[in-house]
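Along the sequence shown, residues are numbered consecutively beginning with 1.
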Amino acid sequence: MSVKVSLNHQLVYHFEKPVILGPHTLGLRPSPHCRTPINSYSLKIEPSDYTMTWQQDPYGNYLGRLNFLSKTDRLGVTVDIIADLHPINPFNFVMESYAERYPFIYEEQLGRELIPFLEIDESSPILKDWVEQHRVKDIYTPEFIITINQKISDYINYTVRFEPGIQTCEETLKTQIGSCRDTAWLMVQILRHYGLAARFVSGYLIQLKPDVPPLDGPPGPEADNADLHAWAEVYIPGAGWIGLDPTSGFLAAEGHIPLVCTADPQAASPVQGTAEPCGSNLEFAVTVSRYENQPRTSQPYSPTQWETIDRLGEAVEDKLQSLGVGLTMGGEPTFVSIDDFESPQWQVQALGEEKRRLAGQLLHRLENKFSKGGGLLHYGMGKWYPGEILPRWALGCYWREDGKPIWHNRAFMAVDGDDYGYGIKQAEIVIQELVKHLGIESDRIIPTYELETEELAGYALPILPVVESEELRWGSCPWKLPQEKLILLKGDSPLGFRLPLSSISWSEELHPEARVSLDHKPAVVGSEPINLPENSVRVAMAVEARDGCIYVFVPPITSAPVFFRFNYSH
């Protein structure tokens, strides 16, 4: 969950007498590639007698150009930012295949564009020795840069240094002490020695006190804080600029707000300008506060907030009750194998060899417990997560609250995982029997074929619950296909998900009295079928054989009671 914060940065230069200020350049606006959403930005300058224009330098940084029109004994700069600190995954990037393993050579055009960021400015013996000592080959590129970042963090002790300028890499390595800007410049030079394009970054670092102290690793800040900070960025083909903070050893994330990114750190100063000779002193402060501190799992609602929520909930419940509205809530129970709860499939992997088999056993046990043997088992597909080839499986059990069985004969329910040797012939027998009991003409059955082999795969039946003459019955229609056969989409999903529905020209016409209703008694066996206009029914039941079992694909329905009421009568 994100936390919206307000950052205030103040710089005030006090001069001993009124002076003439030369042109100034401010690098205090978040850069275009800042990954943290900036909801609001404002810049206030004192004295007010000035002109300012914004420009973008060759690196894309926003720079404010100031010109002062009269003498002043004070120069004040105030930055206010409202930022939305939502968690950022610093590893969420994709690399070009040629750059996946280090070392690699930038492609020719890209290499020319990165020349300023590949220039080696320092080559002292101690720097070269450190580079060679930690040089490796044939390593996953992210692993390499992360390792170098951590080694620099471990080797250099952090210190607050008020002297202007940046230490040489030699001095930082010899003393093993440096400020954030010293360590960032050292990181840039080391990466360039490794043939990796790197740049220096000046920006804000926002650190919030954790709600709950971590169980391991550094404890984190004791209070919310922010400051000017410096870190490095390395260019990985395909991924772009990746932020590395050698002060902490971590990758840059939501708390890092870049302001100026340059090949030379001297150009990254947040304020640059001239003034006539005069004594002066500087005051500066960076503060952060939580602009919107939303409740979260680690710091939930206060007792007062809970009371407000409860009162609102009671008011909503009273309204629903007065309108006769009933609400139910489902859940996703999680289970772990008692025999093998340490293996990856029960810890981190989405699927596993035993998961599906044990889930089927658990489904049968739950059905026996809750429906007393009269439930309907549904083997379907569930959530489809990004990056996964197919949706995950989802098993369900449905039963009546009044105890009446939905499925009467347990002998006709396949045991999950057993192969009964059934094939396409048995699938045809099942669908032919279904149309008899549903009161639908058998010529509505449509054979379906695989795309590549054109082998018979199963059968589809357009079907829809409708009301005609105050009687609830099944309706069907013929499908006019774009080609002679109904060819399925490629894949191994259930047959009903592979019907080429988008290729059929659907009719907007529906039977004039046809409508779905929950208020009518179900049809009886033998009712006359309702023939709907051609291509007016866009959903279908499907029957196919898989792994020696017969599967019936239930078409999309708006309400489970509609479907089950028809099943009760047959």
Side-chain angles (χ1 to χ4, degrees), residues 5-19 21-31 34 36 38 40-50 52 54 61-66 68 71-83 85 158-167 178-185 200-209 221-231 245 247-248 255-262 265-291:
V5 300
S6 175
L7 180 144
N8 175 265
H9 178 203
Q10 296 186 33
L11 286 164
V12 182
Y13 295 87
H14 296 280
F15 302 101
E16 293 180 348
K17 63 177 182 178
V19 296
L21 297 176
H24 277 64
T25 301
L26 303 183
L28 290 171
R29 179 175 169 182
S31 67
C34 177
T36 299
I38 305 299
S40 174
Y41 173 82
S42 68
L43 176 66
K44 181 181 179 181
I45 307 297
E46 296 180 83
S48 59
D49 190 14
Y50 71 91
M52 185 179 73
W54 285 103
N61 303 301
Y62 292 118
L63 300 180
R65 296 280 295 178
L66 290 170
F68 297 93
K71 289 186 176 183
T72 181
D73 60 358
R74 171 189 172 93
L75 171 59
V77 179
T78 302
V79 176
D80 283 294
I81 291 174
I82 297 178
L85 297 188
Y158 173 72
T159 185
V160 177
R161 193 168 61 80
F162 294 102
E163 299 83 3
I166 295 178
Q167 293 179 167
S179 65
C180 60
R181 63 185 184 275
D182 302 322
T183 311
W185 178 237
F200 184 91
V201 183
S202 172
Y204 295 119
L205 175 62
I206 299 175
Q207 300 181 91
L208 302 182
K209 178 184 177 180
E222 297 181 356
D224 297 347
N225 66 83
D227 207 344
L228 280 172
H229 191 55
W231 61 93
D245 189 344
T247 300
S248 64
H256 292 76
I257 301 180
L259 298 174
V260 181
C261 309
T262 62
Q266 303 302 327
S269 178
V271 179
Q272 299 183 61
T274 60
E276 63 178 296
C278 179
S280 65
N281 61 74
L282 169 65
E283 295 179 2
F284 67 91
V286 182
T287 58
V288 66
S289 59
R290 304 199 183 201
Y291 185 76

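The distance from atom CH2 of W185 to atom SG of C180, rounded to the nearest 0.5 Å, is 15.0 Å. Y158 OH to S248 OG: the interatomic distance, rounded to the nearest 0.5 Å, is 11.0 Å. How far CG of N225 is from CG of L205: 7.5 Å, rounded to the nearest 0.5 Å. Residue R290 holds its CZ atom at 13.0 Å from OG of S6, rounded to the nearest 0.5 Å. Atoms OG1 and NZ, on T78 and K44 in that order, are 6.5 Å from each other to the nearest 0.5 Å. Expressed to the nearest 0.5 Å, how far CG of D224 lies from CD of Q207 amounts to 10.0 Å.
Side-chain contact check for H9 versus I81: every heavy-atom pair is 4.5 Å or farther apart. Proximity of L21 to F15: side-chain heavy atoms (C-beta onward) are separated by under 4.5 Å at one or more points. Annotation: side chain of I257 is in contact with side chain of I38 (closest heavy-atom distance under 4.5 Å). Between V77 and H24, the closest side-chain pair of non-hydrogen atoms is not below 4.5 Å. In this structure, R181 and F200 have side chains that are in contact, with non-hydrogen atoms separated by less than 4.5 Å. At least one side-chain heavy atom of L228 sits less than 4.5 Å from a side-chain heavy atom of L259. In this structure, Y13 and L282 have side chains that are in contact, with non-hydrogen atoms separated by less than 4.5 Å. When side chains are defined from C-beta on, V201 does not count as touching H256, because their heavy atoms never get closer than 4.5 Å.
Heavy atoms only, all atoms of each residue included: G27 and L63 are closest at CA-CD2, 4.0 Å. Of all heavy-atom pairs spanning T36 and A83, the tightest one is CG2-CB, 4.1 Å. The minimum heavy-atom distance between W54 and Y41, with the atom names listed, is CH2-OH, 4.0 Å. Of all heavy-atom pairs spanning I166 and P265, the tightest one is CD1-CB, 3.3 Å. Taking every heavy atom of both residues into account, A226 and L7 meet most closely at CB-CD1, 3.8 Å.
N8 is linked by a side chain to side chain donor-acceptor pair (under 3.5 Å) to Q10, D80, counting only residues two or more places apart in sequence or in another chain.
Heavy-atom contacts from other residues, nucleotides or ligands closer than 6.0 Å to CD of E222 number 12 or fewer. Within 6.0 Å of OH on Y291 lie no more than 12 heavy atoms contributed by other residues, nucleotides or ligands.
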Under 3.5 Å, which donor-acceptor pairs link side chains of residues 273-281 to any protein atom two or more places apart or in another chain?
from	atom 1	to	atom 2	distance (Å)
E276	OE2	I20	N	2.7

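Remark: the backbone N or O of W231 is not paired with any side-chain donor or acceptor of D245 at under 3.5 angstrom.
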